[in-house]
Amino acid sequence: MKLDEIIQKYGSKIQIINYQNYNVRGISINSKYIKNNYIFGAIKGSCFDGESFINDLLNKKEIVVILSNKSTLNTSTSKFNKIVFLKVNDVRLASSHISSIIYPHSIKKKFAVTGTNGKTSVTSYVHQIWQKNKNKSACVGTLGIRYKNKLFSNTTLTTPDAISNHKMLNKLSRQGCEKVIYEASSIGLNQNRLHPIKFDVMAFTNLSKDHLDYHKNMNHYKVSKAMLFKFHSKKNSVAVINSDSKYASYFIEICNNKKIKVLDFGKKAKFLRISKIKRLKKYFEICINFKKKESLIVAKCLSEFEIYNKICSIIMVYNINLQVEHLNLINQLKNPKGRLEKIYDCNSKKVYIDYAHTPEALSKVLSSFKLFTNGQLFLVFGCGGDRDKNKRNLMTKEALKYANFIIITDDNPRFEDPKSIRKDMVEGIKKSELEKIKIIGDTQKAIKH
């Protein structure tokens, strides 16, 4: 594709320096991946400044570089006379937009779900329903990119970077994919990784303390989540909102201002109201008020939040065409890997794995297990490194409310001292409660114990 065609399709204000109508073969925000006839997005991040890598591209041919309007780089110097510079207001946003032009797709339906907890489960459930309906579909998130129920590609981020996103959509489109659902993380939204994608259906699950190492406060975290509804909706978009989140009214108000149709669910909902949930030994009885009629659904689930996530996914798929009969799918949907996943059941002993990584998520998982545990509830868990330190002892405090015995171990310390993480986890814990806790840094030894 010629550069002038890309600029024309881009449409926004752009300053061009050293113009040459180069043939463009690709784009990247990582200088290591730049080849001849590539565009380089020189993004200034928290750790690296893309402009410092421009000199590494001087041996490449027909290179285009996207710069910020605020850049002080001397583009008139002779060593840069064969590089075309595009100066824009926001390099990250422009790189995302241009990558969507270079890697177009024709996927008809695009869905996204955001929230602190439940994103992976909801995307998996939606994908399962699509598979049952024989839709050529994909889901994108923490567990990778899955197409036709097979692993299509791994990803290191919950929401892949913008260029990887558009490359993936282009490849899925060429293979016949018709529908895709994303996990939309707050950091991914804040960094415009989904720009300029517009979604047909969007969902909000819940919001609780997480990622404050990045967002610094809950308000910024909330605003980042809301970007999905503010900037990624289109005419006839539908929003599925958990009415029982204390932040529901904030998201509903945004949707109303954007004239997005809201289909809420929960005990306070107008669209699908859960009038009662009763837990029996091995299942739940759920009283649903839908279209002015009361219905009883029997759900073989382990927890209430599992029910909420499954109802959310069913509404997303069928939205305005939802019928109460569709809710029977609850018992056909399987939990994704690492989400209330049973890995052992023998001699009255059960072992589960769950991804709970926030105080609220851990509390909900453990309180659910406590209800059907006849004997003792044991917990082995840790906290990740280079992430929100303030939630570490909160996780332990929640664990102490439900677990009879706790083993604190290492999760993924990244570049942080594991001992420091474990110390944070027991900071401020009473001496009497420490008797319920054993610290075993080696994860394999902790599990074996």
Side-chain angles (χ1 to χ4, degrees), residues 109-127 129 139-142 158-159 180-194 197-212 215 217-234 236-274 304-320 322 339 355 357-358 360-361 364:
K109 295 289 183 182
K110 293 177 283 293
F111 289 22
V113 56
T114 196
T116 305
N117 302 306
K119 297 188 297 296
T120 301
S121 293
V122 171
T123 54
S124 174
Y125 297 149
V126 167
H127 191 222
I129 297 170
C139 63
V140 182
T142 307
T158 297
T159 306
V180 65
I181 181 166
Y182 277 91
E183 288 184 51
S185 70
S186 57
I187 297 173
L189 288 164
N190 183 257
Q191 294 181 354
N192 294 307
R193 295 180 197 166
L194 292 172
I197 303 170
K198 304 295 183 183
F199 293 100
D200 300 275
V201 180
M202 301 161 287
F204 166 71
T205 57
N206 50 64
L207 192 69
S208 64
K209 185 181 176 69
D210 199 16
H211 300 304
L212 297 193
H215 294 293
N217 58 65
M218 283 298 292
N219 185 62
H220 186 265
Y221 182 37
K222 177 181 70 174
V223 168
S224 295
K225 291 286 188 189
M227 290 176 70
L228 176 63
F229 303 91
K230 279 186 175 180
F231 304 119
H232 294 279
S233 62
K234 59 182 182 179
N236 300 325
S237 286
V238 171
V240 180
I241 307 288
N242 175 8
S243 69
D244 295 345
S245 166
K246 67 178 181 179
Y247 296 97
S249 58
Y250 171 77
F251 287 89
I252 290 172
E253 184 179 359
I254 289 171
C255 292
N256 289 338
N257 291 337
K258 294 284 292 181
K259 296 183 179 179
I260 301 169
K261 188 173 184 63
V262 173
L263 305 179
D264 58 352
F265 65 97
K267 295 172 183 175
K268 302 175 184 177
K270 294 178 181 178
F271 178 70
L272 190 150
R273 186 166 63 86
I274 300 173
E304 281 196 20
F305 69 83
E306 193 180 349
I307 293 168
Y308 272 65
N309 290 337
K310 289 182 177 182
I311 288 176
C312 178
S313 65
I314 294 167
I315 297 174
M316 287 187 78
V317 172
Y318 295 102
N319 52 82
I320 58 173
L322 182 72
R339 275 65 180 176
Y355 188 71
H357 62 285
T358 67
E360 184 182 53
K364 287 184 175 180

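For the numbers below, each heavy atom of this structure counts, side chains included, while hydrogens, waters and symmetry mates do not.
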>> Under the rule for ring-ring contact (aromatic ring centres under 6.0 Å, His included), what residues qualify as partners of H215, not counting sequence neighbours?
In response: H220, Y221
>> So, taking the atom named CG in L322 and the one named CG in L272, what distance separates them when rounded to the nearest 0.5 Å?
In response: 6.5 Å
>> If you apply the rule side chain to side chain contact (heavy atoms under 4.5 Å, CB included), what do you find for F229 with T114, and how did you get there?
In response: CA-CA 10 Å; F229 303 91; T114 196; 4.0 Å; yes
>> I need the D264 CG to S245 OG distance, nearest 0.5 Å.
In response: 12.0 Å
> When you look at N319 and V240, which way does the side chain to side chain contact (heavy atoms under 4.5 Å, CB included) test go after all the steps?
Replying inline: CA-CA 8 Å; N319 52 82; V240 180; 5.5 Å; no
> K119: what forms a side chain to side chain contact (heavy atoms under 4.5 Å, CB included) with it, not counting sequence neighbours?
Replying inline: V113, T158, E183, K225
> Per the side-chain hydrogen bond (donor to acceptor under 3.5 Å, both in side chains) rule, which among N309, T142, T120 passes with R339?
Replying inline: T120
> After noting the C-alpha distance and the side-chain angles of N206 and Y308, does the key distance pass the side chain to side chain donor-acceptor pair (under 3.5 Å) rule?
Replying inline: CA-CA 10 Å; N206 50 64; Y308 272 65; over 6 Å; no
> Listed by chain and number, what are the side chain to side chain contact (heavy atoms under 4.5 Å, CB included) partners of S313, not counting sequence neighbours?
Replying inline: V122, Y125, V126, I129, L333
> For the atom pair OG1 (T159) and CG (N192), what is the distance rounded to the nearest 0.5 Å?
Replying inline: 12.0 Å
> Which distance, rounded to the nearest 0.5 Å, do you find between the CD1 of I241 and the CD1 of I260?
Replying inline: 8.5 Å
>> For a quick test of reading the model, state the closest non-hydrogen atom pair linking T116 to S208 and the distance between them.
In response: OG1-N, 2.9 Å
> Any sub-3.5 Å donor-acceptor pair from N190's side-chain atoms to S186's backbone N or O?
Replying inline: no
> Which pair of non-hydrogen atoms, one from A112 and one from M316, has the smallest distance, and what is that distance?
Replying inline: O-CE, 3.7 Å
> Should I274 and I311 be marked as a side chain to side chain contact (heavy atoms under 4.5 Å, CB included) after you check the CA-CA gap, both sets of side-chain angles, and the distance that decides it?
Replying inline: CA-CA 10 Å; I274 300 173; I311 288 176; 3.9 Å; yes
> In chain order, what residues pass the side chain to side chain donor-acceptor pair (under 3.5 Å) check against N242, with sequence neighbours excluded?
Replying inline: none
>> Just to verify, what does F231 make a ring-ring contact (aromatic ring centres under 6.0 Å, His included) with, not counting sequence neighbours?
In response: none
> What closest approach, in Å, do F204 and Y247 show between heavy atoms, and which atom pair accounts for it?
Replying inline: CZ-CB, 4.3 Å
> With a 4.5 Å heavy-atom cut-off, do V140 and T123 have their side chains touching?
Replying inline: no
> Listed by chain and number, what are the side chain to side chain donor-acceptor pair (under 3.5 Å) partners of R273, not counting sequence neighbours?
Replying inline: none
>> Restricting to side chain to side chain contact (heavy atoms under 4.5 Å, CB included), what partner residues turn up for K234, sequence neighbours left out?
In response: K198, D200, S237
> In chain order, what residues pass the side chain to side chain contact (heavy atoms under 4.5 Å, CB included) check against N219, with sequence neighbours excluded?
Replying inline: N217, K222, V223
>> Quick check: closest heavy atoms across S243 and A269, and the distance to 0.1 Å?
In response: OG-N, 3.1 Å
> Is there a side chain to side chain contact (heavy atoms under 4.5 Å, CB included) between Y182 and L194 once you walk through the steps?
Replying inline: CA-CA 9 Å; Y182 277 91; L194 292 172; 3.8 Å; yes
>> Nearest 0.5 angstrom please: I181 CD1 to F111 CZ, how far?
In response: 7.0 Å
>> Would the distance check show the side chain of D244 and the main-chain N or O of K267 forming a donor-acceptor pair, the cut-off being under 3.5 Å?
In response: yes
> Between atom CD of E360 and atom CG of N117, what is the distance when rounded to the nearest 0.5 Å?
Replying inline: 6.0 Å
>> My understanding is that only residues two or more places apart in sequence, or in another chain, count here; which of them pass side chain to side chain donor-acceptor pair (under 3.5 Å) with S121?
In response: none
> Residues in side chain to side chain donor-acceptor pair (under 3.5 Å) with H357, at least two apart?
Replying inline: D210
Give every donor-acceptor pair under 3.5 Å between a side-chain atom in residues 248-258 and any protein atom, sequence neighbours left out.
{"residue": "N256", "atom": "ND2", "partner": "I252", "partner atom": "O", "Å": "3.4"}
{"residue": "N257", "atom": "ND2", "partner": "E253", "partner atom": "O", "Å": "3.3"}
{"residue": "K258", "atom": "NZ", "partner": "K230", "partner atom": "O", "Å": "3.0"}

